[in-house]
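To start, the structure itself, in structure tokens.
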Amino acid sequence: MAEAAPSVTTEPSALQERSLSVLRWMLLARAFEDKIAKLYRAGKIVGGVYLGRGQEAFSAALGHALNQKNGDIFAGLIRDQAGRMAFGEELIDAARTYLGSARGPMRGRDGNIHRGRPDQGMPAMISHLGAMISVVNGMLIARRYRSQNDASLAPIVGASTIGDGGTSTGAFHEGLNQAAVEKLPLVIAVANNQFAYSTSVDRQFACENLVDRAIGYGVEGQSIDGTDLLACVEAFDRAVRRAREGHGPQLVVGKLLRLAGHGEHDDASYIPTDLRDQPHGGDCNEIAAATAIERGWASADEIAAWRSEVTEQVEAAINSAQSDPVPNPYHESWQALATRHLSEGNAQPTPQVHPAASGTAPK
Amino acid sequence: MSITYLDAIRSAQEKALADDPSVYLYGQDIAGFGGAFKATKHLAKEFPGRVTDSPISEDAILGSAIGAAIAGMRPIVEMQFADFSSIAFNQIVNQAATHYWRTGIPCPIVVRMPSGGTEGSGPFHSQSMEAIYSHYPGLVVMTPATVEDAYSMLLEAVAIDDPVIFCEHKFLYYHLKADALPEERLPVGKARIARAGRHATVVAYSAMVHEALRAARELTDDGYDIEVVDLRSTKPIDTDTILASVARTGRLLVVGEAFPWGGVTAEVIARVSAEGFHLLDAPPQRLNARDTPIPYHPNLWRVHRPNWQSIVAAAQKLLRL
């Protein structure tokens, strides 16, 4: 097919439309994370708060490239606030999980980034890195079996993200190799953010570029600047399309810099400040906004208006979650099995201490 | 016709595949080869595309089974040996076991674990993992001791909505035989009185049930009538049946093939001591494997695990207390 002639209409290009849509998710994620970081510092969130600052473009472009309504799967990890929402997670689910609401998807049984709605294509991550890849593989295998009995089912794509540190795990290797053997429509996005907690990449792996592993696994790979919104949109659109068309697993490695601590308890003083001035050390949200203005896709005023809009959305979600009921230990079933009659949970009495009077203070 | 314990496991999988299109089998060498122990012999041919070989990736085998299960399938995965499930441990105890409680979405997987010692198998092909998995909330752990239970419990394992660790004993694979597969079943969660008696209760499970029954027969020569309780599952443990037996006999010996520290035998004794102390005429006793890795040479292996002779000795001690 010949190259399409440059558009002469005033219709926005597909790339423009998609990029601006992703940018709005990026702004919403940043506004939400700024808010929960404040709540954490104010002692309103127990456990931890983990930010995706600096990774919004990379994460949201993937979430946006997938199609939840079609049955696609997105296993978001620790720094995927933007990608989760771009895929279809409701902001209120995130707010409720961080604030421990009884109405959230995890009902106070799990918190922060350990949330999901597996029946809506969003498996809930466990902390052990690499472990979600084979879970997504299994969800894709289930779809393959179902498609054998129902030819009308559209092909779906499953995706999971991971960091540079997570690629060192055995589970990452087993999962990606399994997907390659099974030729599954899987997209793995590796956010090479230069640090796994405090450990820099030179102590994590010895290859030149993580994307070089793609050839070893027999999968297609792309290496991109993870701070460049347009590059992210194009790379993930391509990866998702290739996976959906039957070309097997896709590895996308984005180089960028984590612009936060591992969690908000961590001041990240170990990250040399001059890394910010290196290529890939910038803030993807700032870069994307500048690009949009430069290309004439949006004015500075429009972007400022979007920022206030998302801030209002965040305030509304947090206010709503803060007025939710909290989990009640007296109403908790304390049973881990779906098969109730096999549960030994009844062997333990409900604690007779009021929750407010027990336990340790939030960190 | 005689049916072995291994035949029963194969037949149960065949029936599960035939009855439910959401069942599939996944594991190392299980397709054309039929499995290291032939527990899936001919099933790949009988059910094309539903019995597939995996890479040597225990973590990914389990992870993918979990993913498929939460998306509506009912996978049965084979660990070639229970010992290798240590590689899949994370997926089993952190992903599968927590899934329903965390998300409200059930995770109906069956993990078949060829368990326990046989002569010459050594430290890494002989382990009994039931205590490890029973420790974790969110798992059901089955330890069938008979051909009938191997069949009916495996079918029940597939049917229930929770992750099931199915500890099938390799020592029983070929030697244990029955005339027919059962048409009725004792539900999972109920222990079975394998032999009625009145002088002491021996609680056992899996291969140790047969060692206990042999010991009970030997002890009749001394005039003792031993009751043997087969736990059938170690999670849950049927405490009521154990307490009822101890109420009849007043004495308790618990036998397990796993290592001695903690574990199923300690759990049973803790429960009986807490809930049935007044029923006991003597301190409850336990007998386990020795506290070393499992030895290779048959001379060492035979005395590493409990056997009918050591059970006789332990029971005689208990009866004199």
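Lettering of chains follows the sequences in order, A, B, ..., and the numbering in each one begins at 1.
When side chains are defined from C-beta on, B:Met73 does not count as touching A:Ile141, because their heavy atoms never get closer than 4.5 Å. The closest side-chain heavy-atom distance from B:Pro187 to A:His341 is not below 4.5 Å. By the 4.5 Å heavy-atom criterion applied to side chains, B:Ile70 and A:Val135 are counted as neighbours.
A:Glu344 places no side-chain N or O within donor-acceptor distance of the main-chain N or O of B:Lys235, the cut-off being under 3.5 Å. A:Tyr145 places no side-chain N or O within donor-acceptor distance of the main-chain N or O of B:Pro21, the cut-off being under 3.5 Å.
Contact of B:Ile87 with chain A is made through the side chain alone, with heavy-atom distances under 4.5 Å. When heavy atoms are compared at a cutoff of 4.5 Å, A:His173 does not approach chain B at all. Interface remark: A:Gln148 contributes no atoms to any contact with chain B (heavy atom separation under 4.5 Å). Proximity to chain A is limited to the side chain of B:Arg271, based on heavy atoms less than 4.5 angstrom apart. Within the 4.5 angstrom heavy-atom criterion, only side-chain atoms of A:Arg107, from C-beta onward, approach chain B. Looking at B:Gln91, the atoms closer than 4.5 Å to chain A (heavy atoms on both sides) all sit in the side chain, from C-beta outward. Contact annotation for A:Arg146: only side-chain heavy atoms (C-beta onward) come within less than 4.5 Å of a heavy atom of chain B. With a threshold of 4.5 angstrom between heavy atoms, B:Pro55 approaches chain A through side-chain atoms but not through N, CA, C or O.
Heavy-atom neighbours of chain B within the stretch residues 126-133 of chain A, taken at a separation under 4.5 angstrom, comprise A:Ile126, A:His128, A:Ala131, A:Met132. Residues of residues 94-103 of chain A lying under 4.5 angstrom from chain B, judged on non-hydrogen atoms, do not exist here.
For the pair A:Met106 and B:Thr103, the tightest heavy-atom approach, listed with the atom from each and the gap, is CE-CG2, 4.1 Å.
Residues B:Asp162 and A:Thr339 have side chains that bring a donor and an acceptor to within less than 3.5 angstrom of each other.
Summarising the local packing, CD1 of B:Ile56 is surrounded by 12 or fewer heavy atoms from other residues, nucleotides or ligands at distances under 6.0 Å.
Among A:Met125, A:Arg117, A:Arg109, the residue with the largest count of heavy-atom pairs under 4.5 Å with chain B is A:Arg109.
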